[in-house]
Amino acid sequence: MKRAEAIAKLNQLAGVDLHSLAKQFDVTVLSPNGKVNKGWAGHVCERFLGIPINSAQSPNFGSWELKSIPLKRLKNRQLQFKETMAITMIDPYHVARTPFEESHLLAKLQKAVCVVRQVGASYNDPSFIHSIVTLDLLGDLYTTVKADYEAVQDCLNDPARGFDALSGRMGVFVQPRTKGSGHGSVSRAFYARPKFLARFVKLT
DNA sequence: CTATGATCATCC
DNA sequence: GGATGATCATAG
């Protein structure tokens, strides 16, 4: 399936409640223990496109990648990004010696197709598709993201800091953040800050 | 067990 | 509110 084709298909989902789709595709949203499957939204979209779920680096779709971003409504009825978006894992060795132009980070951003969805106060409130966007790094977006990436490289290459010193407080548009299965696993990934995402979506 | 899909919980 | 770190389900 081509990127444009997937975008067109996803656009047909505008206004649909993702929860009903989750039920249709039998995607777990809430486990029997009251725990939440935080990846359910993404899984639903993948299933909708007829793509098998797997945990590979994500070149599943061939030349592009699917992501979903939550949007929340402020008290003043304005829409705002609720969370940061996980972009890709950080491989210390790879990142430290790979220029931004060849990084997974840049590649992922350029291939990403984001499903912007509205969410309620909590995960079990209805969730509707807002729009589908593509991430094009233009002008300052590119330079700023590049600077953020290089800041991470500097940290990794600094003997006094290194991988363990990476913190979510770094970066302007993209930040290195802890991520893992949770149980003691210590891996980190690049996350896109709301500020960055807001550049791609019309928040009316 | 870990990578990938992101969101939840908590602290400021 | 916004930011930072922790955590959950699924597949290999």
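We name chains A, B, ... by the order of the sequence lines, and we start the count at 1 in each one. Computed over heavy atoms, backbone and side chain alike; hydrogens, waters and symmetry mates excluded.
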Would you indicate, yes or no, if [N] has its OP1 or OP2 atom less than 4.0 angstrom from a side-chain nitrogen or oxygen of [X]?
| X | N | answer |
| --- | --- | --- |
| A/R193 | C/dT4 | yes |
| A/Q175 | C/dT4 | yes |
| A/S167 | C/dG5 | yes |
| A/R169 | C/dG5 | yes |
| A/K67 | B/dG5 | yes |

Rounded to whole angstrom units, what separation is found between the [atom1] atom of [X] and the [atom2] atom of [N]?
| X | N | atom1 | atom2 | answer |
| --- | --- | --- | --- | --- |
| A/R188 | B/dA3 | CZ | C1' | 16 Å |
| A/M85 | B/dT7 | CE | P | 10 Å |
| A/R117 | B/dG5 | CZ | P | 15 Å |
| A/K195 | C/dA3 | NZ | P | 8 Å |
| A/W40 | B/dT4 | CH2 | C1' | 17 Å |
| A/I87 | B/dG5 | CD1 | C1' | 14 Å |
| A/E83 | B/dA9 | CD | P | 11 Å |
| A/L71 | B/dT7 | CG | P | 11 Å |

Checklist entry - Between A/R47 and A/F25, is there a donor-acceptor pair closer than 3.5 Å when you use the side chain of the first and the backbone of the second? => result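 Looks like yes, one N/O pair under 3.5 Å.
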Item to check | Sidechain-backbone polar pair: A/Q153 side chain, A/V95 backbone, donor-acceptor under 3.5 Å | outcome: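 Yes: the side chain of A/Q153 pairs with the backbone of A/V95.
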Next on the checklist: I'd like to know if A/K179 reaches the base of B/dG5 with its side chain such that a donor and an acceptor end up less than 3.5 angstrom apart.
Outcome noted: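 Yes, the side chain and the base share a sub-3.5 Å donor-acceptor pair.
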Listed nucleotide nearest any side-chain atom of [X], set [options]:
| X | options | value |
| --- | --- | --- |
| A/K108 | C/dG5, B/dG5, B/dA3 | B/dG5 |
| A/M89 | C/dT10, B/dA3, B/dC8 | B/dA3 |
| A/P194 | C/dT4, B/dA6, C/dA3 | C/dA3 |
| A/A86 | B/dG5, C/dA3, B/dA6 | B/dA6 |
| A/T28 | C/dT10, B/dT4, C/dG5 | C/dT10 |

Checklist entry - Hey, which of these two, A/K72 or A/Y191, hits DNA chain C nearer its 5' end, going by closest nucleotide? => result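 The answer here is A/K72.
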Below 3.5 Å, can you tabulate the donor-acceptor pairs from side chains in residues 189-197 of chain A to any protein atom, sequence neighbours excluded?
| unit_1 | atom_1 | unit_2 | atom_2 | d |
| --- | --- | --- | --- | --- |
| A/R193 | NE | A/G171 | O | 3.1 |
| A/R193 | NE | A/V172 | O | 3.3 |
| A/R193 | NH2 | A/G168 | O | 2.9 |
| A/R193 | NH2 | A/M170 | O | 3.1 |
| A/R193 | NH2 | A/G171 | O | 3.3 |

Next on the checklist: Between A/E83 and A/K72 (salt bridge meaning N to carboxylate O under 4.0 Å), is one present in this structure?
Outcome noted: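 Salt bridge: no.
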Next on the checklist: Ring centroids only, cut at 6.0 angstrom: are A/F200 and A/F81 within range, meaning strictly under it?
Outcome noted: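 Ring-ring flag for A/F200/A/F81: false, centres at least 6.0 Å apart.
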Next on the checklist: Can you list everything that forms a side chain to side chain donor-acceptor pair (under 3.5 Å) with A/T84? Sequence neighbours excluded, please.
Outcome noted: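 Listed in chain order: A/R177.
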Next on the checklist: Applying a 4.0 Å non-hydrogen cut-off, can you work out what A/T84 is touching in the nucleic acid: base, sugar-phosphate, or nothing?
Outcome noted: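 Base contact - A/T84 has a heavy atom under 4.0 Å of at least one base atom.
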